[in-house]
Chemist: 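My structure is below; once you've seen it, I'll send some questions.
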Amino acid sequence: MAELGRLDPEYARFGADEHRYRLAPPLPAAELHAFEARHGVELPASYRAFVLDVADGGAGPEHGLFPLVGASACLGPPDDWAAEDVRDADRRPGALATPFRVTEAWRPRAGERFDPDAVVAGTLAVAEMGCGGFVRLVVTGAQRGHVWFTDLSVWPSLTPGPEFATWYAGWLAGAPGSA
């Protein structure tokens, strides 16, 4: 990560001005287990490994990765995040344990009403794309382990993406100076 920062000292890459190529420390295993027990889920393997072995938030795609637990010095205090209400909704009782039902790209039909919290049940926001868009990790359901790109504000849509580790590696591969 230090090399990425060295290659982009002006933080020109999208989101770099937020995370500045800093990673938070990995999450202690006891805190991860407590989170999983509190929400009645086991997080997908590649995300679990990332949080335990690499970082609990910080540098990453979009505006950087949200921490799983608490605040992140890499992204500033949670009060500064536009996403704090989204993180709170993800952590309401039963939200993560409810299977994510969507299996293909989704947009509501003209005039269709929907409950935004119900549409993304079973997912965890892991990054903010800006303008109401989020990257969500599917925790439960058929798409478990994959990220989905969501915008439930102005132009509601859900778009499937790759598995978490593939998504993060793709971001690293697109870094300045990468082959």
Chemist: Between the main-chain N or O of G94 and the side-chain N or O of T98, is there a donor-acceptor pair closer than 3.5 Å?
Modeler: yes
Chemist: Quick check for you: to the nearest 0.5 Å, what is the distance between L32 atom CG and R48 atom CZ?
Modeler: 5.0 Å
Chemist: How long is the gap from CH2 on W171 to CG on L65, to the nearest 0.5 Å?
Modeler: 8.0 Å
Chemist: Quick one: CH2 on W167 to CZ on F164, what's the gap to the nearest 0.5 Å?
Modeler: 6.0 Å
Chemist: For T103 and A142, work out which heavy atoms get closest and say how close.
Modeler: CG2-CB, 4.3 Å
Chemist: Please confirm whether the backbone N or O of S157 pairs with a side-chain atom of D151, one donor and one acceptor, at under 3.5 Å?
Modeler: no
Chemist: If only atom types and distance count, is the side chain of E112 paired as donor or acceptor with the main-chain N or O of R109 below 3.5 Å?
Modeler: yes
Chemist: Show the nearest heavy-atom pair for residues A97 and G40, with the distance to one decimal.
Modeler: CB-O, 4.0 Å
Chemist: Side chains of E62 and F134, heavy atoms from C-beta outward: is any pair under 4.5 Å?
Modeler: no
Chemist: Pairing donors with acceptors under 3.5 angstrom, does anything connect the side chains of S46 and E163?
Modeler: yes
Chemist: Can you establish whether the number of heavy atoms outside R101 located under 6.0 Å from its atom CZ is more than 12?
Modeler: no
Chemist: Quick check: do E128 and V135 have side-chain heavy atoms less than 4.5 Å from each other?
Modeler: no
Chemist: I'd like to know if the side chain of H19 reaches the main chain of Y21, judged simply by a donor and an acceptor atom lying under 3.5 Å from each other, with no hydrogens or angles considered.
Modeler: yes
Chemist: Go through W106 and F114 one step at a time and tell me if the ring-ring contact (aromatic ring centres under 6.0 Å, His included) criterion holds.
Modeler: CA-CA 12 Å; W106 172 86; F114 65 95; 5.2 Å; yes
Chemist: Whether the side chain of T123 engages the backbone of W148 through a donor-acceptor N/O pair (distance < 3.5 Å, no angle test) should be reported.
Modeler: no
Chemist: Does the pair F35 and H33 meet the rule for a ring-ring contact (aromatic ring centres under 6.0 Å, His included), with working shown?
Modeler: CA-CA 5 Å; F35 179 93; H33 298 307; over 10 Å; no
Chemist: Donor-acceptor check, side chain of R92 to backbone of A89, threshold 3.5 angstrom: yes or no?
Modeler: yes
Chemist: Is the closest side-chain heavy-atom distance between Y11 and R20 below 4.5 Å?
Modeler: yes
Chemist: Do R136 and V120 have side-chain heavy atoms sitting under 4.5 Å apart?
Modeler: yes
Chemist: With distance as the sole test, does R144 use its side chain to make a donor-acceptor pair with the main-chain N or O of V139 at under 3.5 Å?
Modeler: yes
Chemist: Closest heavy-atom contact between V119 and F100?
Modeler: O-CE1, 3.4 Å
Chemist: Say you draw a straight line from OG1 of T140 to CG of L124; how long is it, rounded to the nearest 0.5 Å?
Modeler: 10.5 Å
